[in-house]
Engineer: 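My questions all concern the structure below.
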Amino acid sequence: MRTDFQYVLMQQEEGVVTVVMNRPEVLNAFNDQMLEELTLALEEAGRDDSVRCVVLTGAGRAFGAGQDLTNFVEPQQTQAGSEAGKVSVHLAKYHRVVHLMRNMPKPIIAAIRGVAAGISCNIALACDIRVAADNARFIEAFARIGLVPDGGGGYLLPRLIGLGRALDMSLLADEVSGVEAERIGLVTTCVPLAEFEATVAALAKRLAHGPTRSYGLIKALLYQSMDLNFQELLALEGQLQDSARETSDHQEGVNAFLQKRPARYTGK
Ligand code: T3D
């Protein structure tokens with residue numbers, strides 16, 4: 001695991017890699033370097049077969065406060081009108097991250113303590129499972145500064161919580177607490193802050209001992225299902241099940257059941 005990043009920490013324990021966005025003095029707001037380092041960290045975690053679950057979290061009291069607004073204004077002012085100065089060019093870097101997460105053939109948990117605002121909130125949405133502490137605050141902060149939700153939030157948010165609530169969160173840009181986020185399906189679970197780290201660790205460990213290739217195929221099935229009709233979905237399901245049937249872990253799961261013992265999955 002790389003340990004030479006300035007704003008991203010990577011820690012591996014057995015099959016779990018924890019990726020920490022690390023600019024706590026600005027609530028882990030994204031500058032270009034942290035965004036680049038996060039991309040590299042996720043690429044490495046995706047490539048490394050010893051990694052079977054990724055936990056994404058923030059250092060200090062927050063998950064993340066979105067784009068760093070101190071350097072956000074610069075490109076627009078200095079290169080106004082030029083292609084390079086367009087936000088959409090910069091956004092492509094975030095798009096790379098959310099594509100990476102969606103296509104990574106292993107589970108990613110967002111562990112959200114404190115605030116998750118703007119693009120940081122939407123990066124949490126791009127994770128497969130979200131665990132919130134009860135001090136979590138979700139803010140689709142974009143409208144507060146006259147922007148639209150980005151980083152794929154406009155796609156994922158209504159699919160997770162429904163169009164009405166997504167419009168509410170995006171237009172009003174009000175805070176949604178961890179407890180409320182659990183109620184509306186924005187997060188999988190919300191736990192007291194004192195139990196947060198242990199809950200995340202237990203979940204990550206469980207996933208890291210699971211049938212990793214099957215998890216990758218499940219991600220492909222469910223994410224692609226959102227853009228397919230029923231017939232297309234059934235065709236995809238067949239292809240993916242053919243692949244799942246060829247895994248050692250599938251065989252192990254069946255053998256373990258028949259031998260009345262716990263399965264010992266290797267991720268292969
Ligand atoms: O570039 C592109 O591709 C476009 C992409 C845009 C994506 C976006 O994310 S747009 C949304 C950007 N984010 C925001 O608008 C949120 C701004 N921050 C806040 O509204 C508040 O800080 C929070 C609600 C997130 C948290 O409030 P609170 O009271 O818990 O903390 P605080 O005191 O406001 O913040 C603590 C420090 O972090 C503070 O610095 P200081 O005063 O101690 O020196 C604050 O300025 C700094 N900070 C917080 N958010 C950002 C930030 N600094 C730079 N950029 C930030 N986004």
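Both ligands and their constituent atoms are indexed starting at 1 by order of listing. Because only heavy atoms are used, hydrogens play no part in the values below, and waters and symmetry mates are left out as well, while side chains stay in.
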Engineer: Run the ring pair (Phe, Tyr, Trp, His ring centres under 6.0 Å) test against Phe30 and tell me which residues pass, sequence neighbours left out.
Structural biologist: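 So Phe30 forms a ring pair (Phe, Tyr, Trp, His ring centres under 6.0 Å) with Tyr94.
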Engineer: Going through the checks in order, is the side chain to side chain donor-acceptor pair (under 3.5 Å) test met by Asp150 and His95?
Structural biologist: CA-CA 9 Å; Asp150 57 26; His95 296 169; over 6 Å; no
Engineer: Take atom CD in Glu232; do more than 12 heavy atoms of anything else shown fall under 6.0 Å from it?
Structural biologist: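 Yes, because the 6.0 Å sphere around CD of Glu232 holds more than 12 heavy atoms from other groups.
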Engineer: Could you list all the ring pair (Phe, Tyr, Trp, His ring centres under 6.0 Å) pairs where at least one residue sits in residues 96-117, not counting sequence neighbours?
Structural biologist: none
Engineer: Between atom CG of Leu125 and atom CZ of Arg159, what is the distance when rounded to the nearest 0.5 Å?
Structural biologist: 12.5 Å
Engineer: Polar pairs, ligand 1 vs protein, N/O only, below 3.5 Å.
Structural biologist:
{"residue": "ligand 1", "atom": "1 (O)", "partner": "His90", "partner atom": "ND1", "Å": "2.7"}
{"residue": "ligand 1", "atom": "3 (O)", "partner": "His90", "partner atom": "ND1", "Å": "2.8"}
{"residue": "ligand 1", "atom": "9 (O)", "partner": "Gln67", "partner atom": "N", "Å": "2.9"}
{"residue": "ligand 1", "atom": "9 (O)", "partner": "Ile119", "partner atom": "N", "Å": "2.9"}
{"residue": "ligand 1", "atom": "13 (N)", "partner": "Ala65", "partner atom": "O", "Å": "3.0"}
{"residue": "ligand 1", "atom": "30 (O)", "partner": "Arg61", "partner atom": "NH1", "Å": "3.0"}
{"residue": "ligand 1", "atom": "30 (O)", "partner": "Arg137", "partner atom": "NH1", "Å": "3.1"}
{"residue": "ligand 1", "atom": "31 (O)", "partner": "Arg61", "partner atom": "NH2", "Å": "3.2"}
{"residue": "ligand 1", "atom": "55 (N)", "partner": "Leu69", "partner atom": "N", "Å": "2.9"}
{"residue": "ligand 1", "atom": "57 (N)", "partner": "Ala65", "partner atom": "O", "Å": "3.0"}
{"residue": "ligand 1", "atom": "57 (N)", "partner": "Gln67", "partner atom": "O", "Å": "2.9"}

Engineer: Show every ring pair (Phe, Tyr, Trp, His ring centres under 6.0 Å) that has at least one partner inside residues 41-68, sequence neighbours left out.
Structural biologist: none
